[in-house]
Amino acid sequence: MIESIKRALVIAPHPDDEVLGCGGTIARLTDAGCHVEVAVATRGQPPRFSQEQVDQVLDEARKAHDVLGVTHTHFLNFPAAALDQVPRAELNAGIADVVTSCRPDTLFIPFVADLHFDHGLIFEAAMVAARPLGDAYPRRILAYETVSETNWAAPYLSPPFHPNVFVDIADHLERKIEAFGCFASQVRAFPNERSFETLRALAQVRGSCVSRRAAEAFVSIREVA
């Protein structure tokens, strides 16, 4: 699968979701010569977030993307933790503009049932943007998992994350860890889920599911061969 991806777009509801969910896959893709862009959908807004906090996180994201080899980052600046207050048409249009400009053959998006409502809204907007109309639409859509979001949804009440695509990141796990380390404002000490230990352990568990030393797991939403 990796060899067939030439242009990929990763849509992150918040800065660091892209690294948590598919940082190893991004690193593997860019090492293989793939064009990878990232769209960070939201930005912190006062008074919930100070300008200093916002600037720090954006700088951290740029550094992390440099580590992973990301070609270009789009900062869409929708309000973080307030996407439910953005008109749906406006959100859909913002995501659609990025998809149109990037022209990805593969789209990575958050899982629909993540606990944070921003994630679900971005999933839906991405699906609208990726509608299979004409010839210019992503042929592959994969939903990634985000620690402290995907696995915290209510059991039996929300769709479970049952991965059916696994990407071997054994040779790229340390790059993922390094990229997450760029988010000094977000890294927490173990046993917090947003820790180096948790990311490494999850990669090892996902890898063991398919007899690999480390992997990232995804749910295939659509693939057109």
Does the [X] side chain pair with the main chain of [Y], one donor and one acceptor, at a distance under 3.5 Å?
{"X": "D17", "Y": "H14", "value": "yes"}
{"X": "T30", "Y": "I26", "value": "yes"}
{"X": "T42", "Y": "P13", "value": "yes"}
{"X": "E149", "Y": "H116", "value": "yes"}
{"X": "S4", "Y": "M1", "value": "yes"}
{"X": "E18", "Y": "D16", "value": "yes"}
{"X": "R48", "Y": "A81", "value": "yes"}
{"X": "R139", "Y": "T106", "value": "no"}
{"X": "H74", "Y": "L76", "value": "no"}
{"X": "R131", "Y": "V128", "value": "yes"}

Donor-acceptor side-chain pairing of [X] and [Y] below 3.5 angstrom:
{"X": "E216", "Y": "T25", "value": "yes"}
{"X": "Q53", "Y": "S185", "value": "no"}
{"X": "H35", "Y": "E37", "value": "yes"}
{"X": "N164", "Y": "S220", "value": "no"}
{"X": "R188", "Y": "S195", "value": "no"}
{"X": "E52", "Y": "Q56", "value": "no"}

Find out if a path of hydrophobic residues (ILVMFWY) with successive side-chain heavy-atom gaps under 4.5 Å connects [X] to [Y].
{"X": "F183", "Y": "V67", "value": "no"}
{"X": "F111", "Y": "V205", "value": "no"}
{"X": "I141", "Y": "Y137", "value": "no"}
{"X": "V219", "Y": "W152", "value": "no"}
{"X": "V167", "Y": "I109", "value": "no"}

Within-4.5 Å side-chain heavy-atom neighbours: [X] and [Y]:
{"X": "I221", "Y": "L142", "value": "no"}
{"X": "L91", "Y": "I122", "value": "yes"}
{"X": "R206", "Y": "P163", "value": "yes"}
{"X": "I2", "Y": "R28", "value": "yes"}

Salt bridge present between R212 and D168 (N-O < 4.0 angstrom): yes
Pair N192-T198, side-chain contact (heavy atoms from CB on, under 4.5 Å): steps then yes or no: CA-CA 8 Å; N192 190 288; T198 296; over 6 Å; no
What are the two closest heavy atoms between [X] and [Y], and how far apart are they?
{"X": "V99", "Y": "P138", "answer": "CG1-CG, 4.3 Å"}
{"X": "F49", "Y": "G44", "answer": "CD1-CA, 3.4 Å"}
{"X": "E60", "Y": "C182", "answer": "CG-O, 3.1 Å"}
{"X": "A203", "Y": "I169", "answer": "CB-CD1, 4.2 Å"}
{"X": "L173", "Y": "A214", "answer": "CD2-CB, 4.1 Å"}
{"X": "D118", "Y": "A80", "answer": "OD2-C, 3.8 Å"}

Enumerate the residue pairs fulfilling salt bridge (charged side-chain N to carboxylate O under 4.0 Å, His left out) with a member in residues 63-78, sequence neighbours excluded, ordered by first and then second residue. D59-K63
Please round to the nearest 0.5 Å and tell me the distance separating atom [atom1] of [X] and atom [atom2] of [Y].
{"X": "L58", "Y": "N77", "atom1": "CG", "atom2": "CG", "result": "7.5 Å"}
{"X": "F196", "Y": "F190", "atom1": "CZ", "atom2": "CZ", "result": "13.5 Å"}
{"X": "L9", "Y": "L107", "atom1": "CG", "atom2": "CG", "result": "5.5 Å"}
{"X": "D31", "Y": "H172", "atom1": "CG", "atom2": "NE2", "result": "4.0 Å"}
{"X": "R43", "Y": "F78", "atom1": "CZ", "atom2": "CZ", "result": "12.5 Å"}
{"X": "C34", "Y": "R7", "atom1": "SG", "atom2": "CZ", "result": "8.5 Å"}

May I have the step-by-step check of ring pair (Phe, Tyr, Trp, His ring centres under 6.0 Å) for Y144 and F218, ending in yes or no? CA-CA 5 Å; Y144 56 82; F218 304 89; 7.3 Å; no
R222 atom CZ: more than 12 heavy-atom contacts under 6.0 Å: yes
T73 and R62: side-chain contact (heavy atoms from CB on, under 4.5 Å), yes or no, with the steps? CA-CA 8 Å; T73 302; R62 294 185 184 97; over 6 Å; no
As a quick check of understanding, evaluate side-chain contact (heavy atoms from CB on, under 4.5 Å) for L199 and V147, giving each step before the final call. CA-CA 8 Å; L199 291 187; V147 291; 4.1 Å; yes
Between I5 and L29, is a side-chain contact (heavy atoms from CB on, under 4.5 Å) present by the stated rule, with each step listed? CA-CA 8 Å; I5 300 176; L29 286 170; 3.9 Å; yes
side-chain contact (heavy atoms from CB on, under 4.5 Å) partner of E145, the single match among N151, L20, L202: L202
